Amino acid sequence: MAAELTAHQLIEQHRPTLDQALEAIRTRAYWSPHPEHPKAYGENGSLDAAAGKAAFDALLGSRLDLGQPGTDDWVGGETSPYGIELGVTYPHADVDTLLPAMRAGQRAWRDAGAEMRAVVCLEILKRISDRTHEFAHAVMHTSGQAFMMAFQAGGPHAQDRGLEAVAYAYVEQVRTPDDAEWTKPQGKRDPLALTKRFTPVPRGIALVIGCNTFPTWNGYPGLFASLATGNAVLVKPHPRAVLPLALTVQVAREVLAEAGFDPNLVALAAERAGEGIAKTLATRPEIRIIDYTGSTAFGDWLEANARQAQVYTEKAGVNTVLVESTDNYKGMLSNLAFSLSLYSGQMCTTPQNLLIPRDGIRTEEGPRSYDEVVADLAKSVGGLLGDDARANGLLGAIVNPDVKARLESAAGLGEVALASREIANPEFPDAVVRTPVIVKLDGAKPDDQAAFMNECFGPVSFAVAVDSAADAVALLRRTISSKGAMTVGAYTTSEEVEEAVQEACLEECAQLSLNLTGGVYVNQTAAFSDFHGSGGNPAANAALCDGAFVANRFRVVEVRREA
C-alpha cells in the first residue's frame, strides 16, 4: 500500500506533543493532551457523545474483521456486566501463520528510527482519542465500570499512559547517538580512527496479555512501549474484555498501513471459550517480551516459565492504610469512603487493610476510639452511597461472579461494621451492583491474620485493630514484604510516625500517599507524574512508567568501520 501519511506530516503534527510529553516526565508537573470532559469532543474529527454511542451500538452483533493473516475461525461471547450480550466476533489466529507475518515487518519498522516510530504511535493515540466516546462504551460494557469512569480511565487516562510510555521509549533510544567519530591518539604514529553506528534493535514480538477490569489503561503502556522500541505486538485480550483492545488493534493497523509500514506489526489473538491460549503464546520462542496484568498465580507462572522473554508483570497486592491521627477527621473519612467505593473496589490500588490502634486515634475534634473510627467510616460510606443514582455512577457493576462470591463470603470473616447492600440499576436491570462491606478484625489473632494478609479483590475492606502505631508500621512492613502493595496510605500528625511509615515504604519499595483529605485519592495515579507500582515488591515487577519499563525492550547494536 502506498503511504498516505508522510514522515514530514507525522513529525510536523506530533513532534510538539512528544516534546511536551518529554518535558512533563522531566518536571513531573500536571499535563495531559487528552481532555477528561465528555463535552470536549465533537470537533476536528472526534466523535461527540451521540456519535460515539451510535458507533458502539453499530458494533454490537458485528464481525470485526482486522484483515489479519492466518484467520482460521471467528470467536466471541462477551457479555457486559450490565447484562448486554455484545455479540461481536473476532478473528481467531493460526499463530503458526500469524507470527511469521508479524516478524516480516520488523526490519522496516526498526530502520524507521525512534522519532518516526514515536510519531506513528502518537497518530494511533490521536485516532483513539478521537473515538473516546465509542471506546468508553466498549470499556464500560466489558469491565463494568460506570460510564464516566470508563470514559476517563478507559479513554484519556489510558491514552496518557500510552503516550507516557512512548516518551520514555524515545528518551532511552536517543540516549545513545546514531553515529560517532572515534579517534585515539597514538603519539608519533597516525591516530586510530573509527566511525561507529549505533542502532536500537527490537527484541522480537511482544505479547500483551490484557485484563478484565482495565483493558486499555493497563494494556496501553506495554503495547506502546514495545511498539515504540521497534517490536511487533500481539495483543491477547482477556476473554471477557476483548472489544476495547480489538478496536485498538484495528486503529493501529490502519495507521501503520497509511504510514507505509506493515499492518501486521500489531495483531489480535482472540480465543475460543475455555481455550486458554496465554500459556501457549507466552512460551513460544518468537515471543520475546510479555506484559501482563492479573492474578499473582499466573504472573508468577509467567516469570518462572516464559524464560525466553522479558516479562513485565503487575500482579496482586494487599494495599494498606495506616490511621494513627488526623487534623481533618471528616476529610479523612470522606476521602477513605470514596477510595473504598470507587468502581466497587475492583482496582489494584484500592485499600484493603485499614490499620487502626485499638486504643483509638487523635483528631482535631478530640480522641476517637477504634470502634468510633470504624463506625464513622461506615457511616461515611453509607452516606456517600445512600442515593442509588449516585451509587450507580460511582460503583459501576461487579465485573464477574468471582468478585461477587468473595464479597458475600467476607461477611463471615469477622464482625461486620458495614454490610453490603444490593442496588438496582434502572437502565440495566441485569447489572450486579453491590456496596462495599467493612469487616472488623484483630491484628493479633492468627485466624484474622489469615484473612487480611491475603488479597480479597473487590469491595471488601478490613478494619484491623492493632496495639500501637509501632505495631501498625511493623505489620505494614511485613505486608508489603510478603504480599506486596500497589499503594500505601497513612494518616498521622506525628512526625515520628510519618518518618517510620515513610522509611518502611522506602525500604520495602512501595508508593506512599500521606494525609489525603481532598479530591486526590490513594487509588488514583496521574500519568507523567505518578509512578503506578514500583517494581520493587511482590505486587509488580515493573512500574508504569519509568526508564526500566522500556529500556530492556531493545538492545543497541554497534557497527564499526575504519575511518
Side-chain angles (χ1 to χ4, degrees), residues 66 68-71 75 90-106 109 121 124 161-162 165 169 202-212 214-239 241-242 244-246 248-250 252-253 256 262-272 275-295 297-315 540-542 544-545 549-550 552-555:
L66 302 174
Q68 295 182 177
T71 298
V75 296
Y90 310 95
H92 181 277
D94 173 358
V95 293
D96 289 328
T97 300
L98 180 59
L99 291 176
M102 295 183 71
R103 294 180 67 176
Q106 281 199 162
W109 186 236
C121 287
I124 296 169
R161 283 296 184 190
R203 280 190 172 272
I205 299 175
L207 174 66
V208 174
I209 302 175
C211 70
N212 194 174
F214 288 89
T216 55
W217 198 98
N218 280 114
Y220 284 5
L223 192 165
F224 284 99
S226 288
L227 193 61
T229 49
N231 304 277
V233 182
L234 180 61
V235 179
K236 205 296 293 181
H238 190 284
V242 182
L245 290 178
T248 301
V249 169
Q250 182 185 57
R253 291 175 63 84
L256 286 163
D262 191 333
N264 295 321
L265 286 165
V266 179
L268 185 77
E271 58 191 310
R272 301 182 183 96
E275 186 177 8
I277 62 174
K279 285 188 175 181
T280 302
L281 290 173
T283 51
R284 294 273 306 206
E286 302 96 328
I287 300 299
R288 305 305 302 276
I289 301 167
I290 298 173
D291 287 277
Y292 166 76
T293 300
S295 72
F298 191 60
D300 289 344
W301 186 93
L302 287 171
E303 292 171 6
N305 292 277
R307 308 293 296 186
Q308 85 292 350
Q310 183 72 28
V311 179
Y312 300 89
T313 60
E314 180 193 313
K315 298 176 287 189
N541 74 358
L544 304 180
C545 182
F549 185 69
V550 299
N552 216 10
R553 296 173 190 264
F554 69 95
R555 309 309 297 167

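The figures here come from the full heavy-atom set of this structure, side chains too, leaving out hydrogens, waters and symmetry mates. These figures come from a predicted structure and were not determined experimentally.
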For this session: Output all residues satisfying side-chain hydrogen bond (donor to acceptor under 3.5 Å, both in side chains) with Ser226, sequence neighbours left out; order by chain, then residue number.
Result: Arg553
Exercise. Is any side-chain heavy atom of Asn264 closer than 4.5 Å to a side-chain heavy atom of Gln106?
Worked result: no
Problem set entry | Any residue meeting salt bridge (Lys or Arg N to Asp or Glu O under 4.0 Å) with Asp300, in chain and number order, not counting sequence neighbours | Lys315
Donor-acceptor list for residues 202-210 side chains, cut-off 3.5 Å, not counting sequence neighbours:
| residue | atom | partner | partner atom | Å |
| --- | --- | --- | --- | --- |
| Arg203 | NE | Asn552 | O | 2.4 |
| Arg203 | NH2 | Asn552 | OD1 | 2.9 |

Problem set entry | Partners meeting side-chain hydrogen bond (donor to acceptor under 3.5 Å, both in side chains) with Gln250 (sequence neighbours left out) | none
Exercise. Which one of Asn212, Leu268, Val249 satisfies the side-chain contact (heavy atoms from CB on, under 4.5 Å) criterion with Pro237?
Worked result: Leu268
Exercise. Is the shortest heavy-atom distance from the side chain of Val95 to the side chain of Leu281 under 4.5 Å?
Worked result: yes
Problem set entry | Distance (rounded to the nearest 0.5 Å) between Leu265 CG and Leu227 CG | 7.0 Å
Problem set entry | Listed partners of Thr293 passing side-chain hydrogen bond (donor to acceptor under 3.5 Å, both in side chains), at least two apart | none
For this session: Identify the two heavy atoms, one from Ala306 and one from Ile290, that lie closest to each other, and give their separation to 0.1 Å.
Result: CB-CD1, 3.5 Å
For this session: Can you sort out the partners of Phe549 under ring pair (Phe, Tyr, Trp, His ring centres under 6.0 Å), two or more places apart, ordered by chain and number?
Result: Tyr312
For this session: Please lay out, stage by stage, how Ile124 and Tyr220 fare under the test side chain to side chain contact (heavy atoms under 4.5 Å, CB included).
Result: CA-CA 11 Å; Ile124 296 169; Tyr220 284 5; over 6 Å; no
Exercise. If you take all heavy atoms of Ala225 and Thr229, which pair is closest and at what distance?
Worked result: O-OG1, 2.7 Å
Problem set entry | Short N-O contact, Arg103 and Asp262, less than 4.0 angstrom | no
For this session: Measure the CZ-OG1 distance between Phe224 and Thr248 for me, rounded to the nearest 0.5 Å.
Result: 7.0 Å
Seminar exercise, completed: Closest heavy-atom pair, Ala246 versus Leu66, reported as atoms and distance to 0.1 Å, is O-CD2, 4.1 Å
For this session: With sequence neighbours left out, write down each residue that passes side chain to side chain contact (heavy atoms under 4.5 Å, CB included) with Ser295, or none if nothing qualifies.
Result: Tyr292, Ala297, Phe298
Seminar exercise, completed: Residue set satisfying side-chain hydrogen bond (donor to acceptor under 3.5 Å, both in side chains) with Thr280, at least two apart, ordered chain then number -> none
Exercise. If you round to the nearest 0.5 Å, how far is OG1 of Thr313 from CG of Asp291?
Worked result: 9.5 Å
Problem set entry | side chain to side chain contact (heavy atoms under 4.5 Å, CB included) against Glu275, all qualifying residues, sequence neighbours excluded | His92, Glu271, Arg272, Ile277
Exercise. Can you tell me if Gln308 and Thr283 form a side-chain donor-acceptor pair at under 3.5 Å?
Worked result: no
For this session: Please list, chain by chain and in numerical order, all residues satisfying ring pair (Phe, Tyr, Trp, His ring centres under 6.0 Å) with Tyr90, sequence neighbours excluded.
Result: none
For this session: Please tell me if the side chains of His238 and Cys211 come closer than 4.5 Å, counting only heavy atoms from C-beta onward.
Result: no
Seminar exercise, completed: Tightest non-hydrogen contact, residues Pro215 and Leu245, listed as O-CD2, 3.4 Å
Exercise. In chain order, what residues pass the side chain to side chain contact (heavy atoms under 4.5 Å, CB included) check against Ala267, with sequence neighbours excluded?
Worked result: Gln68, Leu98, Met102, Leu234, Arg253
Seminar exercise, completed: All heavy atoms of Ala309 vs all of Ile289, minimum pair found to be CB-N, 3.9 Å
For this session: Specify the closest pair of heavy atoms between Pro221 and Ala165, including all atoms of both residues, with the distance to one decimal.
Result: O-CB, 3.5 Å
